[in-house]
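Data first, discussion second: the structure below is written as structure tokens.
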Amino acid sequence: MPIAEKIAIIGAGKIGQALIKALVSSGYDNIIATARRQITLRNVSKLGVETTQDNDKAVRESVIVILSVKPYHLPNVLREVREESWKNKIVVSLLAGVKTSTLREFMPETEVYRAMPNINALVRKSSTAIASNGQPGPGKVTVERIFRTVGKVYWVPEELLDAWTGLVGSGPAYIAEIVDGLILGALAIGVPRDLAFESILDVLEGTAELLRSTQIHPSQMRDEVTTPGGTTIRGLSVLESESVKAALIKAVEAATQRSREVSVQVDEQVRRMLRGNP
Ligand SMILES: NC(=O)c1ccc[n+]([C@@H]2O[C@H](COP(=O)([O-])OP(=O)(O)OC[C@H]3O[C@@H](n4cnc5c(N)ncnc54)[C@H](OP(=O)(O)O)[C@@H]3O)[C@@H](O)[C@H]2O)c1
């Protein structure tokens with residue numbers, strides 16, 4: 001059941017619009033969205049929601065506020081919304097790197113959450129991590145229901161959000177690289193591109209479903225399809241000699257490290273801007 005309380009989407013850009021589409025098609029009809037440019041507002045109103053440039057009005061009228069501007073837009077939003085308008089709201093920030101403690105300084109009497117969806121929200125297959133400032137408050141169920149409209153929800157400690165970004169945020173890019181590599185392999189052996197594209201995605205979906213439904217370990221599934229002296233072991237030997245698995249481990253570690261560096265920079269920058277020292 002969709003909640004009846006009004007939801008404000010502050011900054012209806014790419015991710016904000018993906019969320020609006022999912023909410024609307026899940027039956028939520030009490031949404032107000034903001035942006036700066038008329039062109040964005042016109043596009044967003046075509047999704048069937050109320051639009052305004054007035055962030056203060058949107059926050060004031062709503063019970064749940066989703067912040068989906070870029071981190072460097074945040075000082076403007078906080079300047080535009082009066083402090084008392086945040087009072088008793090449930091605020092969910094999608095801003096990468098900005099800590100709940102930073103937001104809480106500017107909205108003390110507010111329940112603050114951070115959510116980290118990935119690009120798959122566009123097809124409602126996001127894995128979204130949500131973190132709260134300490135124990136989640138009474139808004140937990142509502143927040144979870146909202147983000148379930150774009151896929152799965154996982155509650156994580158806030159410290160895990162950088163790892164989430166390195167694994168799940170960047171995950172679609174890693175998988176896209178693997179798909180691209182397999183397509184090139186397909187072309188090398190003479191399989192037409194369209195057929196390769198479709199069949200590799202079938203393999204991806206089927207393997208994911210099989211692993212999920214059987215819950216067997218990936219290495220066990222690999223062993224089950226690897227006949228001694230057969231074809232798969234020939235392919236696997238190449239992956240092993242090219243250190244593909246080691247590269248994947250390093251990729252996740254490197255992306256997480258970068259997310260940590262960016263988070264520290266972004267949070268400090270936002271704090272400085274909010275205190276009026278750019
Ligand atoms: N894209 C993703 O997959 C993804 C995933 C996880 C988290 N995030 C986070 O989500 C946030 C938004 O990312 P995005 O990719 O959706 O960015 P985006 O497409 O650039 O959207 C940002 C929106 O904010 C609006 N905006 C800027 N200043 C504003 C203000 N003062 N008041 C109201 N609206 C304002 C912009 O309006 P105009 O269009 O009118 O300029 C734009 O529509 C970022 O903080 C990012 O870290 C994104």
Side-chain angles (χ1 to χ4, degrees), residues 7-23 31-47 49-62 65-82 85-86 91-100 102-103 106 112-131 146-147 150-154 156 158 160-176 255 258-260 262-263 265-267 269-270 273-274:
I7 304 173
I9 310 281
I10 306 295
K14 282 187 285 297
I15 198 77
Q17 289 181 37
L19 192 57
I20 291 170
K21 281 182 200 156
L23 286 167
I31 300 172
I32 181 164
T34 73
R36 281 170 315 186
R37 291 173 303 151
Q38 285 303 330
I39 173 91
T40 307
L41 291 170
R42 268 200 304 279
N43 288 336
V44 173
S45 63
K46 285 183 197 146
L47 303 176
V49 300
E50 190 185 341
T51 58
T52 177
Q53 278 179 326
D54 186 343
N55 286 321
D56 187 62
K57 167 185 152 72
V59 172
R60 218 174 43 238
E61 287 181 357
S62 303
V65 180
I66 314 244
L67 290 174
S68 54
V69 293
K70 295 279 190 195
Y72 58 85
H73 297 138
L74 182 64
N76 274 346
V77 171
L78 292 179
R79 269 191 287 274
E80 288 159 29
V81 179
R82 281 175 294 171
S85 304
W86 296 109
V91 172
V92 187
S93 164
L94 306 187
L95 280 63
V98 182
K99 295 200 183 89
T100 52
T102 304
L103 293 166
F106 298 87
V112 176
Y113 297 87
R114 277 175 71 185
M116 192 48 63
N118 70 8
I119 192 72
N120 295 342
L122 290 172
V123 289
R124 304 178 71 177
K125 291 273 187 186
S126 172
S127 306
T128 304
I130 309 185
I146 289 173
F147 283 90
V150 285
K152 290 195 172 183
V153 166
Y154 300 88
V156 302
E158 189 167 4
L160 214 67
L161 286 180
D162 287 316
W164 189 271
T165 305
L167 179 69
V168 177
S170 308
Y174 307 146
I175 302 295
R258 180 66 188 139
S259 176
R260 289 195 181 114
V262 172
S263 292
Q265 281 166 13
V266 166
D267 196 67
Q269 200 178 0
V270 166
M273 287 164 91
L274 290 170

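Atoms within a ligand are numbered from 1 in the order they appear, just like the ligands themselves.
- From I10, atom CD1 reaches atom CD1 of I66 across 10.0 Å, with rounding to the nearest 0.5 Å.
- Of the inter-residue distances, the one linking I15 atom CD1 with K70 atom NZ reads 10.0 Å to the nearest 0.5 angstrom.
- In this structure, OG on S126 lies 9.0 Å from CZ on F147, to the nearest 0.5 angstrom.
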Find all protein N or O atoms under 3.5 angstrom from an N or O atom of ligand 1 and list the pairs with distances, or write 'none'.
{"residue": "ligand 1", "atom": "16 (O)", "partner": "K14", "partner atom": "N", "Å": "3.1"}
{"residue": "ligand 1", "atom": "16 (O)", "partner": "I15", "partner atom": "N", "Å": "2.9"}
{"residue": "ligand 1", "atom": "19 (O)", "partner": "K14", "partner atom": "N", "Å": "2.9"}
{"residue": "ligand 1", "atom": "19 (O)", "partner": "K14", "partner atom": "NZ", "Å": "3.3"}
{"residue": "ligand 1", "atom": "28 (N)", "partner": "R36", "partner atom": "NE", "Å": "3.4"}
{"residue": "ligand 1", "atom": "32 (N)", "partner": "N55", "partner atom": "ND2", "Å": "2.9"}
{"residue": "ligand 1", "atom": "39 (O)", "partner": "R37", "partner atom": "NH2", "Å": "3.1"}
{"residue": "ligand 1", "atom": "39 (O)", "partner": "T40", "partner atom": "OG1", "Å": "2.7"}
{"residue": "ligand 1", "atom": "40 (O)", "partner": "R36", "partner atom": "N", "Å": "2.9"}
{"residue": "ligand 1", "atom": "40 (O)", "partner": "R37", "partner atom": "N", "Å": "2.6"}
{"residue": "ligand 1", "atom": "40 (O)", "partner": "T40", "partner atom": "OG1", "Å": "3.3"}
{"residue": "ligand 1", "atom": "41 (O)", "partner": "R36", "partner atom": "NH2", "Å": "3.0"}
{"residue": "ligand 1", "atom": "41 (O)", "partner": "R37", "partner atom": "NE", "Å": "3.1"}
{"residue": "ligand 1", "atom": "43 (O)", "partner": "G13", "partner atom": "N", "Å": "3.3"}
{"residue": "ligand 1", "atom": "45 (O)", "partner": "V69", "partner atom": "O", "Å": "2.8"}
{"residue": "ligand 1", "atom": "47 (O)", "partner": "A96", "partner atom": "N", "Å": "3.2"}

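- Between R36 and E80, none of the side-chain N atoms (NZ, or NE/NH1/NH2) sits under 4.0 Å from a carboxylate O, so this pair counts as no salt bridge.
- Qualifying side chain to side chain donor-acceptor pair (under 3.5 Å) partners for T34, counting only residues two or more places apart in sequence or in other chains: N55.
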* **Candidate pair I119 and K14, rule side-chain contact (heavy atoms from CB on, under 4.5 Å), full reasoning** => CA-CA 9 Å; I119 192 72; K14 282 187 285 297; 5.8 Å; no

